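Beneath this line is the structure, given in structure tokens, with notes to follow.
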Amino acid sequence: MIKKIKQGAFYGSIGLLAFLVMISLLSIMGYILFNGVGHINLEFLTKEPRSMGREGGIFSVIIGTLILTLFSVLIATPIGVAAAIFFTEYSAGKKWVGPIRFFTEILAGIPSIIFGLFGFAFFVIFLGLGWSILSGGLTLAIMILPTLIRATEESLKTVPMSYREGSLSLGATKLQTITRVIIPSCLPGILTGIILGVGRAIGETAAVMLTAGSNLRMPTSLLDSTRTMSVHLYTLASEGISLEKTFATASLLIIIVLIINTAANAITSKYIIKS
Amino acid sequence: MKAYEKIVEKLIIVCAIISTISVVLITVFIFRSGLPILMNYGVIDFIFGTNWSPTNGNYGILPLIAGTLSVTLGALIIGVPMGIASAIILSEILPGKVARVFKSAIELLAGIPSVVYGFFGLIVLVPAIRTFILPIVQLVVPKATTTGFSIFAGAIILAIMILPTIVSISENSIKAVPREFREASLALGANKMETIVRVIIPAAKSGIIASIILGMGRAIGETMAVILITGNMPKIPGGPLDSVATLTGTIAMEMGYADATHQQALFAVGIILFMIIMLLNAIAQISAHGLRGNN
Amino acid sequence: GAKTEPTATGLTGKVVVAGSTSVQPLSEELASAFMDINPDVTIEIQGGGSGVGIKAAQDKIADFGSSSRELKAEEKATIANEYVIAKDGVAVVLDPANTVTDLSLDQIKQIFTGKITNWKEVGGADAPIVVVSREEGSGTRGAFVEITKVSEKDAAGTAVDNTTKDALVQPSTGAVKTTVANTPNTIGYISIGALDDTVKAIKVEGIDATEANVLAGDYKISRPFLYLSNTELTPAAQAFLDFILSAEGQAIVAKDFIPVQ
Amino acid sequence: MENASTKFEIDKLNLFYGSFQALIDIDMTIYTNKITALIGPSGCGKSTFIRTLNRMNDLILGVKTTGLVKFDEMDIYAVDYDVINLRKKVGMVFQKPNPFPKTIFENIVYGPKVHGEKNRDKLQEIVEKTLKEVALWEEVKDRLHKPALGLSGGQQQRLCIARCLAVEPEVILMDEPTSALDPVATSKIESLLEELVEKYTIVIVTHNMQQAGRVSDYTSFFLSGKVLETDKTEIIFSNPTNKKTEEYITGRFG
Amino acid sequence: MENASTKFEIDKLNLFYGSFQALIDIDMTIYTNKITALIGPSGCGKSTFIRTLNRMNDLILGVKTTGLVKFDEMDIYAVDYDVINLRKKVGMVFQKPNPFPKTIFENIVYGPKVHGEKNRDKLQEIVEKTLKEVALWEEVKDRLHKPALGLSGGQQQRLCIARCLAVEPEVILMDEPTSALDPVATSKIESLLEELVEKYTIVIVTHNMQQAGRVSDYTSFFLSGKVLETDKTEIIFSNPTNKKTEEYITGRFG
Ligand SMILES: Nc1ncnc2c1ncn2[C@@H]1O[C@H](COP(=O)(O)OP(=O)(O)OP(=O)(O)O)[C@@H](O)[C@H]1O
Ligand SMILES: Nc1ncnc2c1ncn2[C@@H]1O[C@H](COP(=O)(O)OP(=O)(O)OP(=O)(O)O)[C@@H](O)[C@H]1O
Ligand SMILES: [Mg+2]
Ligand SMILES: [Mg+2]
């Protein structure tokens, strides 16, 4: 009897909490989409901004966003996954891994503006890369590394020892074991890291503005500056330029993130055999 | 074959070194930029000073520390239960298809720029606190007032922002708990709740804690949303409906216009932030190890 | 149009302007007008804040650094050239429901330093005043506190900003505007260019906050938009600066801000 | 057969994993306070069948069960049947040892704790008693608070049996409980079974014909998802009706 | 003993899990093309020992090994020893079946692929051949591309044996390979062992005395981390030197 009550309370409370999550989700999404979707049209998608973005579209900004995000994720994913593999598979139990992991976690809490200033001082000025996709992408890559490393490490840890034993006992090298058995079985975790990373990169403003710049025109090379949708909507909103375009940009951004996430999920689930 | 493997393994090491170096570089960068003023102004005065007005040469960040801790704590109090409950529901209760949709929606939250959260908070949440929450609070504390720009508002928005991190990472590790453990527990006559609470969550603990630590990192590091809704008042707060300024918010807000010394001071704030996160991480790790003993 | 700019045609090259996000929209408009005349010149406008603008000029990584606040003395020493390209009036704004329509500079000072805390003391309803200010270092705040004497020199001659600690602080024009628009009993200050009917701009010392009044010198609260340079200007950069200061450039400035000529 | 009361009554039980039918029209009776052995070649459905008796197959996605399984006269697949209570009464030891990632002590007290036992001394007593019953006490008494996953395969399995006994169920389902054990431990478990059967009903899957012959009262022979024959163990081993049964049993060795 | 050549030569091997010593001064010789059986009560160190032969214990944190293990005259614990090559030559079947979360087909071709075999037909051939050898082919030939984790316990174990054979090692280490198997499958595996021993050297841990007696040429008796006795199987079973060995073996049943 008491058990029934306890269980009721348990399900009730986690249900309520999850319901709250739904509510927050719906209200934020709803708020943005309701105010924004109506202003998305062909012109908005295909034209360049005019009059500080008060008129026209955001075509170059969309392209800039995609390139910059893609670039940073392409840099960060291999490095992050490899680093996580190194920390869990190659140096498990080593004393010095602890401090590195610790610092990595701390970096996850450093405000992005500091990454921005670092990128500005290091990539833009010191390496002379200027405000460019290169500077911005590298800065963002460093910024999303902690999340990526940690998410990957966590899923590596869940791979049962017996899989490693099975593979090694067949004469597979460590690397083969990692690439053929371990990574496939923890793809969902890596994917989580990437999705969270993409989210952070795509939603970032301060760090991007200081490193990739906020040039409105279409970038033609990695050394060109670009403006991302987040930077654009930050400028629109904070300088009070156009609330309409702000919401339209935000809505479009949500739609783009949705597409990216869905695609990523679809691709990984294709590679995972469910048991 | 051999040579190729050696190269790849070297590459893996290189990647680990790169990420370590980037960690070190940024750490050095922050310390190099902030240490001089910290030394000149005095560490104690800096940390325990209660007056933050850089244009007047006052760099006391105690109010900012109080602001950061209260908002972060609030976000964790609200966000962690919500996140873990959602992770449980996603992995243990909802059927696969529904769960996938719910999860994608939560992951979507990760991609919304923080300015948008900020403006949502500014236009919807802050007035809502003033008009709905305040009257309720006044029933208990009649003298309470608030503009709505508050710890509470910041905590709610941050809680929502850290949900994707907590939910996705926790859910992955809950899912990775082998089916044998569930079976063993159910076969002993434990119900689903007991199985979840006593077997699954402890087995997934490492991942859940990692998710909380990363979420906490995100909450502390988040700026754009927070500066729009907490009021940025560098005063030590008396309650959850008071306005506060946070360490990160102050850095982000003032860095853009700051002159040289002011900038140094903001980097010094970064150093303190570094220390605080270190401390919080240590606490999280220790409490996790403490738990392990009991299970 | 183009005829007033005889040297511009045939110009090539790239001009980078970086810095203040407040100046950024104006720079963008000026740049696009300039590039219509000189299609072979690329002008890149970067944000980052006035701090970045000053640093960019100091380190010569941009042709022009832009700033929306006056330079400090020690900053002035490191910058060779400083051009005022426009002025921005700062309007004092209340939430639209407020009945107060006019405040003196002194009343504003008393409010922002926390001496006056209720609207009834300045002829409004009986309600506590909620002060909304900008962040430390902001150019708008700098101009505002200086002219309203919220900031005063102390005995040693250094300026002390006495803005009340009970002020809400918002980090941008848009945020202050939205805050004031949505929060009862607030008072704040924003760029005249950003005024719209979501907030109510009041008269200061009986003078309306309009661009014309700032230009005429009647309305006192304003700040400069600066272009800073530490290098020998390239022909393209020189041409861009000339264009901005020309009648045509200043006409663009006048759309939202106050021309300097 | 009529002189014993019935614990489980299975009637036309069919089970599908998706489209694959793993159990076909199973009819069987399991008698109270008897040991029933299930034998048959690998993959014939023994584990699947035993898992229907405490509805453990509910956990596997895509499993569909039809037919009747009655426990103490009640249909356990009825909609409002209390599965938790069923599982409390019907304990299970699995084919692969599956201790929790907890200490040895915590593994054993898990069940009692879940069912409300809080008294520390009582729990300690349960641990000692059950570990002795499975002949593990001497080996682990100094490391009760060490992780159970550090035990050897056989030790883990005995721990799992102890964990099951700690709940004091009415029925114990055992899926090859001794396959990971050495002869000494096996013989201890077998004598334990003889003791337990006084109080409990036992269903045991085994590959060891000798074991089935030695310990069980009834034996069922499974083949390709069907029960070919169920009878008193003496009869199955001495005089099986079905030719296949005979072949399987005489194909035995040792 | 002198008439067979030596595959492994073990000398004063000690192994510690942290501070717990699991193997004490083990001396042993394992002869080429012979089957060596390891017997002994649960927890005595058989699995630990067998895992030192392909250095599988390297994976466990805190394991410390001292002494000499020579494979083909080479010290396998030497610093520059090629462990991968060792493991390729020394295959292993584990106590708990551990198929990869891949399809049945992918499980078997994993080893060959890792060692460079790409030819699809060749791989198909390997799958069929090895599955037939372990008597699993008929049961799974229609679901080769289904997940291996959907197999029954015994099927999984046979799959793991097949996976090991697919690499064509020189030595096969088997940790209770038939404990999850029914008699028919067991007898098939045992005859397989008899065939394999022509080409391979086999070390097998077993709890089944009959099995040890039936299949092995040499038998080692382990107790509490020590080897009490190693000898030709006939001798161990008929006339053991050590009293403990005799007790253990005669304590057998079935
Ligand atoms: N990873 C480990 N950490 C600590 N102790 C261990 C570990 N693995 C095994 N042991 C201990 O080492 C001893 C030998 O274990 P091992 O697995 O070799 O036994 P075994 O002879 O194979 O037994 P079984 O027949 O039950 O499989 C046991 O006491 C066991 O508890
Ligand atoms: N989860 C599953 N999904 C699909 N098929 C399954 C699943 N579990 C078992 N099977 C199949 O059902 C059949 C019966 O399996 P079961 O595990 O009951 O066999 P078993 O008699 O216990 O064999 P063993 O003696 O090897 O343990 C086998 O063909 C097996 O492959
Ligand atoms: Mg089975
Ligand atoms: Mg063993």
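Not measured: the values here are computed from a predicted model.
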* **Considering all heavy atoms, the nearest B/A105-A/L25 contact** => O-CD2, 3.5 Å

* Asked: CZ of A/R200 to CE of B/M161: how many Å apart, nearest 0.5 Å?
  -> 9.0 Å

* Structure fact -> Assert top hit (heavy-atom pairs under 4.5 Å, partner chain B, pool A/T158, A/T262, A/I254) equals A/I254

* Structure fact -> Most contact-rich option vs chain A, by heavy-atom pairs under 4.5 angstrom, among B/Q263, B/K192, B/E222, is B/K192

* Structure fact -> Applying a strict 4.5 Å limit to non-hydrogen atoms, the region of A/S27 in contact with chain B is both

* Asked: Hey, what do you get for CE (B/M193) to CD1 (A/I14), rounding to the nearest 0.5 Å?
  -> 10.0 Å

* Of the listed residues (B/V177, B/V115, B/L247), which shares the most heavy-atom pairs with chain A below a 4.5 Å separation? -> B/V115

* To do: Tell me, for A/V21 versus chain B, whether the close heavy atoms (under 4.5 Å) come from the side chain, the backbone, both or neither.
  => both

* Which bit of B/I13 is near chain A, if near means a heavy-atom gap under 4.5 Å: side chain, backbone, both or neither? -> both

* Looking at B/I89 and A/A18, what are the two nearest heavy atoms and their distance? -> CD1-CB, 3.5 Å

* Asked: Can you find a side-chain donor-acceptor pair between A/Q7 and B/N191 that sits under 3.5 Å?
  -> yes

* Asked: Is there a side chain to side chain contact (heavy atoms under 4.5 Å, CB included) between B/F120 and A/N35 once you walk through the steps?
  -> CA-CA 11 Å; B/F120 173 79; A/N35 286 294; over 6 Å; no

* Asked: What pair of heavy atoms forms the shortest contact from A/P146 to B/L214, and how long is it?
  -> O-CD2, 4.4 Å

* Structure fact -> Given B/V23, B/I93, B/T248, B/I156, the one with more heavy-atom pairs under 4.5 angstrom with chain A than any other is B/V23

* Structure fact -> The interface call for B/L273 against chain A, heavy-atom contacts under 4.5 Å, is side chain

* Asked: Which atoms form the tightest heavy-atom contact between B/A252 and A/I113, and what is the distance?
  -> CA-CG2, 3.9 Å

* Structure fact -> When the 4.5 angstrom heavy-atom criterion is applied to A/P160 and chain B, the contacting part is neither

* **Atom pair OG/CD of B/S168 and A/E154 - distance to nearest 0.5 Å** => 13.0 Å

* Structure fact -> If one checks every heavy atom of A/Y11 against chain B at 4.5 Å, the contacting part turns out to be side chain

* Can you say whether B/F29 sits under 4.5 Å from chain A via the side chain, the backbone, both, or neither, judging by heavy atoms? -> side chain

* Which answer fits B/V197, side chain, backbone, both or neither, if we ask what part of it has an atom under 4.5 Å from a heavy atom of chain A? -> side chain

* To do: Heavy atoms only, distances under 4.5 angstrom: which of A/T147, A/L233, A/N265, A/L117 has the most pairs with chain B? Name it, please.
  => A/L117

* Structure fact -> Residue from B/I84, B/T223, B/I276, B/I251 scoring the most non-hydrogen pairs under 4.5 Å with chain A is B/I251

* Asked: Could you give the distance from CD1 (B/I12) to OH (A/Y90), rounded to the nearest 0.5 Å?
  -> 4.5 Å

* Asked: Most heavy-atom pairs under 4.5 angstrom with chain B, which of A/L196, A/V198, A/L26, A/I260?
  -> A/L196

* Answer yes if the side chains of A/T192 and B/N172 hold a donor-acceptor pair under 3.5 Å, and no otherwise. => yes

* Sort A/M229 into side chain, backbone, both or neither according to what part of it lies under 4.5 angstrom from a heavy atom of chain B. => neither

* To do: Kindly compute the distance separating CD1 (B/I17) from CZ (A/F86), expressed to the nearest 0.5 Å.
  => 7.0 Å

* **Which portion of B/T27 sits near chain A, non-hydrogen atoms under 4.5 angstrom** => side chain

* Structure fact -> In terms of heavy-atom contacts, B/L108 and A/N261 come closest through N-ND2, 4.0 Å

* To do: Measure B/I26 against the heavy atoms of chain A and call it side chain, backbone, both or neither at under 4.5 Å.
  => both

* Given that the side chain runs from C-beta out, which part of A/L145 has a heavy atom under 4.5 Å from chain B: side chain, backbone, both or neither? -> side chain

* Given that the side chain runs from C-beta out, which part of A/S155 has a heavy atom under 4.5 Å from chain B: side chain, backbone, both or neither? -> neither

* Pick one of side chain, backbone, both or neither for A/I142, based on which atoms fall under 4.5 Å of a heavy atom in chain B. => side chain

* Per-residue contact mode, B/M255 against chain A (heavy atom under 4.5 angstrom) -> side chain

* Any chance you could measure B/I160, atom CD1, to A/I28, atom CD1, to the nearest 0.5 Å? => 4.0 Å

* Selection from A/S185, A/P111, A/G193, A/A82 maximising heavy-atom pairs under 4.5 Å formed with chain B -> A/P111

* To do: Can you tell which part of A/Y31 gets under 4.5 Å to a heavy atom of chain B, answering side chain, backbone, both or neither?
  => side chain

* Pick from B/V167, B/L90, B/V116 with the largest number of heavy-atom pairs that fall under 4.5 Å of chain A -> B/V116

* **Side-chain touch A/F118/B/L25, heavy atoms, less than 4.5 angstrom** => yes

* Indicate the atoms forming the closest heavy-atom contact of B/G270 with A/I114, along with that distance. => CA-CD1, 4.2 Å

* Asked: Is any side-chain heavy atom of A/S24 closer than 4.5 Å to a side-chain heavy atom of B/M82?
  -> yes

* Asked: chain B: which of A/I178, A/L20, A/T205, A/I79 shares the most heavy-atom pairs with it under 4.5 Å?
  -> A/I79

* Asked: With respect to chain B, which residue among A/L175, A/L210, A/I202, A/T246 yields the maximal number of heavy-atom pairs within a distance under 4.5 Å?
  -> A/L175

